[in-house]
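Beneath this line is the structure, given in structure tokens, with notes to follow.
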Amino acid sequence: MAKRIDVSGLTAYYGSHKAIDDISMTVEPRSVTAFIGPSGCGKSTFLRTLNRMHEVTPGGRVEGKVLLDDEDLYGAGVDPVSVRREVGMVFQRPNPFPTMSIFDNVAAGLRLNGNYRKSELNDIVEKSLRGANLWNEVKDRLNKPGSGLSGGQQQRLCIARAIAVEPDVLLMDEPCSALDPISTLAIEDLIGELKERFTIVIVTHNMQQAARVSDRTAFFNLAAVGQPGKLVEIDDTERIFSNPSVQATEDYISGRFG
Amino acid sequence: MSHAAIADKRPGSLRGARLPQWGPYAIAAGSVAAGLGISAGAGLHSSIQWALIAAVLYVLGTYGIAARVEGRRQAKDRVATSFVWVAFLLAVIPLASLVWATVKRGVKVLDGYFLTHSMGVVADSEPGGGIYHAILGSLEQVGLATLIGAPIGVLTAIYLVEYGRGRLAKAVTFFVDVMTGIPSIVAGLFILSIMLMLKMQPFGFAGSLALAILMMPVVVRSTEEMLKLVPNELREASLALGVPKWRTILKVVLPTSIGGITTGVMLAIARIAGETAPVLLLVFGNPFINSNPFEGAQASLPLYIYQQYSQSAGSTYAYDRAWAASLTLIAFVMILNLLARGIARWKAPKTGR
């Protein structure tokens, strides 16, 4: 459970376009790391390289190393499918499977992978829904379609679906940007609970959110439109928001540009 | 107050003059009456002529009257509406009259006996006989064609949408487009040339092969569109759970789009069920019941209609039988469409709470 991520010299491309350039960082286990930065700076692209979802995009390719507890995700013979079982992901817009019920949505990861015991399934679904703070709201309608839930509930359903396969790392790509403040608060509380068990990386445009939920914060920036995004600095969240070591970070956080 | 000097052209009130609710109907009734009057006066006999005159008068009259009462912008709006109505009628009248004519002439001999007996020893000029052999032949040929065409078509579409990159995908797309345009008689000739090479006699399955060729591109096209409608986010959600791509396609993409795919396949079946040319070449036609599609000539509904009409030598019995068979064919296609709609509704992603 909860593994460390070591990234060194990571460069990602879309076809011939370089999206992020030479990024190195360490993500500690059982902590929340937030990525902030202006739109198009490569935060999401970098996040997607951490579970090899980047290469799902046509033309997407990666150079460099991503070590998950000493094992290189991009090493020879590594199956991206097994990488994604260890590194789960929650997306910007809630995307429950429309053909499946709430129960089936949570069970989807296990069922589609085929490695579960029938007797365990009910327990795992309940545990995951409780873990996502959704159990009390949906326990009476587990057989109803997941798309009938509200946006905030759907996003928590997606989190339950992601943690049901017990990944080591949970990546979240702006999980609250489509939600209202109350649902956002519910998800932020949930992130606080989940970091006891998982390594969490979250991309956010909301600086207060980064300050509230994360232990460490990474600031990304790009020199100009069309240039690749770069990591400016990564440090303890408190330091980034009070006394960052790079001027650009302070400018961005205080709203002077970007 | 400089802008007070500019004359305000707007009317004082937000309300303008409006045509009464019955206005459009009155204009329509008036133009029909005028159309009838003009054609009676000019001694025109065709009903197409007075209807066209009425349609033109309706559009022009709507514009003239609405422009006078309501102003030009509203008049343009009303003209657009009247064009839509005229176009709707132009499309519906042939369809309704076709169904009407088929039903009127078809019900004469359409009964249980007709549906359960073959032509057998009944001569074309005599009464009696039925279409059981043709229904059987149609079902077998179309069924076999679907068994071949639908899976290949769906799999091709899955390849094009989910895997296809680069030249091969482009070539496949191009050839699917070309195949869409193949005349049915050419598909028939293609299979016929193979049959002649192998020195085979006409049989039902040969027709199925030609029908499958005609069906495939239709299935590919419609399935492709349906698969493209599945949001990429669902694929990514599944992949991010560590589900392999093939299972994602099988368990997430296909179930999401199955309603649309079924509708597409059903429509393709409806299209090939009415094909006559390849069946004429390859299955030949047979007045007797032949339930084996792999040996011997068979009948089929469109072929039966054609043969009853062409070989009837003016016999009204044969004409009646042809119309009754046409009605059966239309009913068959309509039932297929209803089935497709039912399946699409049943399988559509649910949004209930």
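Chain letters run A, B, ... following the sequence lines, proteins first and then strands; every chain starts at 1.
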Of the backbone (N, CA, C, O) and the side chain (C-beta and beyond), which part of A:Pro80 lies under 4.5 Å from a heavy atom of chain B, both, or neither? neither
Please report the closest heavy-atom contact between B:Pro255 and A:Thr99, naming both atoms and the distance. O-CG2, 3.4 Å
Within a radius of less than 6.0 Å around CZ of B:Phe83, do more than 12 heavy atoms belonging to other residues, nucleotides or ligands occur? no
Within 6.0 Å of CZ in A:Arg93, more than 12 heavy atoms from elsewhere: no
For B:Phe175, I'd like to know if atom CZ has over 12 heavy atoms of other residues, nucleotides or ligands within 6.0 Å. no
B:Arg165 to A:Pro58 - nearest heavy-atom pair and separation: NH2-CG, 4.0 Å
Of A:Asp79, A:Val81, A:Leu171, the largest count of non-hydrogen pairs under 4.5 angstrom with chain B goes to A:Val81
For residues B:Ala237 and A:Asn95, report the shortest heavy-atom separation together with the two atoms involved. CB-ND2, 3.4 Å
Taken to the nearest 0.5 Å, the spacing of A:Phe97 CZ from B:Thr248 OG1 works out to 7.5 Å
Quick check on the interface: out of A:Glu86, A:Arg161, A:Gln92, A:Arg52, who has the most heavy-atom pairs with chain B under 4.5 Å? A:Arg161
Is it the case that more than 12 heavy atoms not belonging to A:Lys65 sit under 6.0 Å from its NZ atom? no
Mind checking the CG-CE spacing from B:Leu241 to A:Met89? Nearest 0.5 Å is all I need. 11.5 Å
Taking a cut-off of under 4.5 angstrom between non-hydrogen atoms, the residues of residues 151-159 of chain B near chain A are none
Verify side-chain contact (heavy atoms from CB on, under 4.5 Å) between B:Glu233 and A:Phe91, making sure each step is shown before the conclusion. CA-CA 8 Å; B:Glu233 291 147 28; A:Phe91 294 84; over 6 Å; no
Would you mind checking which part of B:Arg235 comes under 4.5 Å of any heavy atom in chain A, side chain (CB onward), backbone (N, CA, C, O), both or neither? neither
Side chains of B:Pro244 and A:Leu112, heavy atoms from C-beta outward: is any pair under 4.5 Å? no
Kindly check if the number of other-residue, nucleotide or ligand heavy atoms within 6.0 Å of CZ (B:Arg73) is above 12? no
In this structure, are over 12 heavy atoms from other groups packed under 6.0 Å from B:Trp85 atom CH2? no
In Å and rounded to the nearest 0.5 Å, what is the CG to CZ distance from B:Leu239 to A:Arg84? 5.5 Å
Closest heavy-atom contact between A:Met100 and B:Lys251? CE-O, 4.0 Å
B:Thr256 versus A:Pro98: any side-chain heavy-atom pair under 4.5 Å? yes
Against chain B, label A:Arg48 side chain, backbone, both or neither, depending on which of its atoms sit under 4.5 Å from a heavy atom there. side chain
Under 4.5 Å to a heavy atom of chain B? For A:Val90 that would be neither
If you draw a 6.0 Å radius around CG in B:Leu229, do more than 12 non-hydrogen atoms from other residues or ligands fall strictly inside? yes
